[in-house]
Structures are given as C-alpha cells and as structure tokens.
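Just so we're on the same page: letters track the sequence lines, and every chain starts at 1.
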Protein chains: 2
Amino acid sequence: MARVSQTRLAVLGALSVRPMTGYAVRAAITDTLGHFWSESFGQIYPALAGLEAEGLVRRTGVGATSGAVFALTPSGQRTLRGLLAEPFVPAPPRNGLLLRLFFGRQLGVEACRELLTEALNRTRTAAAQLERVRSESTYEDPTPDQPYWLMTLSAGEHATRAQLAWLEESIAALDALGE
Amino acid sequence: MARVSQTRLAVLGALSVRPMTGYAVRAAITDTLGHFWSESFGQIYPALAGLEAEGLVRRTGVGATSGAVFALTPSGQRTLRGLLAEPFVPAPPRNGLLLRLFFGRQLGVEACRELLTEALNRTRTAAAQLERVRSESTYEDPTPDQPYWLMTLSAGEHATRAQLAWLEESIAALDALGE
DNA sequence: AGGTACATGTAAGTAGTTACATGATTAC
DNA sequence: GTAATCATGTAACTACTTACATGTACCT
C-alpha cells in the first residue's frame, strides 16, 4: 500500500530514454514532462545516489562537461518496468484556485476576477507551450516512444482547452454577479 | 514566498460556512470540496489546535454528540480573507497516470490499455458524482455563496468531460497501435 | 450485545521544496 | 573578463499520509 517513490520512477524513466547526468535529468523532466511532472535537484541527486547504491543505475564516465553520466543497468531496466506496472493510486486532489474560488464570497467579486484572469494568463501560456511542442513533434522522425508521448501531449491539450473554456465562462459569470 | 499552509485556509473556510467539530470539518471537506480538495485528520486536528492557540477559532461548547464545536473569531474571519487574497502559487504538476503513459513503451500496449481503462472507470464515477451534486443544487435555495460553489462545480464538469474525451481517444489510439 | 457513526488525537514515516554553497566550462 | 550554463550536493523546513490508539452515542 505504501506509495512508491514516484521520483525514482521518473528518474529511471528519464534514463531509459538515454544515459545522462543528474542535471540533464532535471532538464529533461522540466522540458519534456513539464506539463504534467516536476522534480527538484533536492530530489534528483539523492534519488540517483540511492539508485546507484542499489545497482539500478551506474556511472558510465564523465560527459562533455564535467558531470557523471548515469545509465540504467539491466536490473534498473527491470525495476522500471516493475514500478510502471504497479497499480497506481491517484494523488488526492488539491486545487488552490478552486479552494479560493469556493470561498469567493469572502474574497469579493473583483478579487475573484483577478484570480481567474491570472489563471487565464497562465493557461494561455501553457497552451502556447503545448502548441510549440506539438508543432515540433510534426517534424521529428517517429520513434517507438512517440505514440505514447503524443498521448500525453494530447492530454495536456484537452485539459488546457477545458480550463480555458471554464475560465472564460466563469469570468463572464462573475461579471454578471458584479453588476 | 513561503507557501502558506493551505490546510489552515481550508479549515478556516469550512468554519466560515458554519461552526462545527473537527470531525465535521473533515466530512464537509470530503463531501463538498471532494472533487478538488482533501484533508486528513492528521492535518485537521493539529491545525485546529494551532488556530485556537492563535485566537483565530474558539470552542463554542459541545455539539449534539460529544465533540467540541469550533467557530471563527473576528480575527479568524480577517485572517481567512487575508489568506484568500494572497497571491497563490499553483502546485507543481504531478500526474502519475501521464508519467506512466509517457514511458508506455516499457510497459507494453496491453498494460497501458488497462491503466487507461481503470482511469476511465474512475473518471466516470467522478462524473456521476458531479452530476448528483449538480442535480441537488437545482433544488436548493440560492445562497450568496451558491454562485461560487457552482463555478467550482462547473470546473469539475469541464475537467471530467475533457478527461473522458482524452481517455476514449487514447484507448482507441492504443488499439490501433496494438494491431 | 453488536455495529455504525461520531469524535479526538499522536507518532512514524514519506515526500517534497527552497535556499544555500560550490565549482567547472563555454560563449561572447 | 564576465556572464550564462552546466554540474553537484546538503540542510532546514513544510506538508502530508497512514496507522495506531481510544472512547462515546445511538440504533437495532
């Protein structure tokens, strides 16, 4: 029942694409999984150390600059598959925007409007980012991983479209309330 | 920059609707904010003790059964408004389903299909739950809070519709891959 | 008498962020 | 030479979950 460390899963997964340094793992996660995942250095380096101690990753030498390049070992490969296959428990929901909006009467119409407008800006930025990823993917050579990557991209697109529609609807509702 | 305790915000918010016991706070959060928020007893009781020590809530005696009923003090009311107004930093995204799907090639088409099918069941259950809340709200007397509550409900509806559409699309994509 | 819902709290453990500290390499 | 990027790591802190422990009140 113990929730498995998702950080290990993310790090092993990143190294399954190609060997890299801890720094590059962080960059890969930010750039490629950014719309649905995040890791901080404070998690990645201890995780790499732990994975190395357990023989799931090994140093393959030093990269172009000065860092240690880590690669999956066969045992790490197996562990990754095992972690991926484990029944996964969705994280309890925690949406700070909706929490604030729910108590919106205490906050006032104007402040709620600002809250939603800021969220609208953030969501538009996210949508533009996804559009960029989408157009880049069009020019890439298809890899065996690509179908899965495109599904996660599509998830982001669906979610941001829905968020935009909701935000526009709700801002309009607030305007009607404020009159 | 220090992220404000969201638990305090949720507890103060719950008590702003009406005074109640810690147990009832938990029930209110589960029942009413369930689709976008959650709190465990391990958070609520310490939070209530802290809020009481700071004079933001006070015991108003004993309820129908045996517990202590907490109510907002005027200072708690002000603090709630202050917390609501604070610029809010969205939590870093962490979607375990998409993380697994991204590395779906390691997992195999069949296991991915199961993953998505389970998610589909969960999402359908959530959609049914929201539908129930929606139909109940139709028969309620409108309160000044209701417009805000309906906005959070609508957020859930938009999000689950988008999730359902994405899941159906992705399961179909996996079927095409598997052939 | 037995079960269910109400009620409160603690302890151990997990997960994660942020800030700090340090230094190498590359590009301009 | 200096700024940006690459690189590694630790320490302090915050947040949160789960499991445990305990008891009351009501209904049948």
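The side chain of B:Pro46 sits closest to C:dT10 out of C:dC6, C:dT10, D:dT8. Here D:dT17 is the nucleotide among C:dG9, D:dG9, D:dT17 with the atom lying nearest to any side-chain atom of B:Ser40. In the set C:dA5, D:dT8, C:dT17, the nucleotide with an atom closest to the side chain of B:Pro92 is C:dT17. When distances run from any side-chain atom of A:Thr21 to the nucleotides C:dA15, C:dT18, D:dT8, the shortest one goes to D:dT8. The listed nucleotides are D:dT8, D:dA15, C:dG9; the one nearest the side chain of A:Phe41 is D:dT8.
Within a heavy-atom distance below 4.0 Å of DNA chain C, no residue of residues 26-36 of chain B is found.
We find that OH of B:Tyr45 is positioned 15 Å from P of D:dT17, with the value rounded to whole Å. Rounded to whole Å, atom P of C:dT14 lies 18 Å from atom CG of A:Leu9. A straight line from CD1 of A:Ile44 to P of C:dT18 spans 13 Å, rounded to a whole angstrom. Distance, A:Phe70 CZ to D:dG9 C1': 12 Å, rounded to whole Å. Atoms CD (B:Glu52) and C1' (C:dT8) sit 13 Å apart, rounded to a whole Å. One interatomic measurement links the two molecules: CD of B:Glu39 to P of D:dT14, which rounds to 17 Å at whole-angstrom precision. Across the protein-nucleic acid pair, B:Gln43 atom CD and C:dG13 atom C1' stand 14 Å apart, rounded to whole Å. Atom CE in A:Met20 sits about 11 Å away from atom P in D:dA7, given to the nearest Å.
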- [ ] Take A:Arg78 and A:Ser75 through the test side-chain contact (heavy atoms from CB on, under 4.5 Å) and record every step on the way to the result.
- [x] CA-CA 5 Å; A:Arg78 277 195 304 278; A:Ser75 154; 3.6 Å; yes
Open item on the list: Assess the residue pair A:Thr7 and A:Glu39 against the criterion (side chain to side chain donor-acceptor pair (under 3.5 Å)); give the C-alpha distance rounded to whole Å, side-chain angles, the decisive distance to 0.1 Å, and a yes or no.
Closed with: CA-CA 7 Å; A:Thr7 296; A:Glu39 291 293 347; 3.1 Å; yes
TODO: Quick one: do B:Asp175 and B:Arg113 satisfy side-chain contact (heavy atoms from CB on, under 4.5 Å)? Show the steps, please.
DONE: CA-CA 8 Å; B:Asp175 286 342; B:Arg113 233 186 152 283; 2.5 Å; yes
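Here B:Leu177 contributes atom CG and B:Arg105 contributes atom CZ; the two are 11.5 Å apart, rounded to the nearest 0.5 Å. With values rounded to the nearest 0.5 angstrom, B:Leu101 atom CG is found 10.5 Å from A:Leu150 atom CG.
Among pairs with a residue in residues 81-133 of chain B, those fulfilling ring pair (Phe, Tyr, Trp, His ring centres under 6.0 Å) read A:Trp149-B:Phe102, at least two apart in sequence or across chains.
Using modelled atom types, no side-chain atom of A:Thr21 and backbone atom of A:Ala68 make a donor-acceptor pair closer than 3.5 Å. When atom types are taken as modelled, the side chain of B:Ser135 and the backbone of B:Arg132 share a donor-acceptor pair closer than 3.5 angstrom. Side chain of A:Ser16 to backbone of A:Gly13: a donor-acceptor contact under 3.5 angstrom is found.
When all heavy atoms of B:Leu98 and A:Ala155 are compared, the closest pair comes out as CD2-CB, 3.6 Å.
At the heavy-atom level, B:Gly42 lies under 4.0 Å from base atoms of the strands shown.
Nearest-nucleotide positions on DNA chain C place B:Arg59 closer to the 5' end than the other of A:Ser38 and B:Arg59.
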TODO: Any chance you could encode DNA chain C as dot-bracket? Rule is Watson-Crick or G-U wobble with both distances under 3.5 Å; [ ] for pairs crossing earlier ones, | for another strand.
DONE: ||||||||||||||||||||||||||||
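Between B:Tyr23 and C:dT8 there is no side-chain N or O to OP1 or OP2 distance below 4.0 Å.
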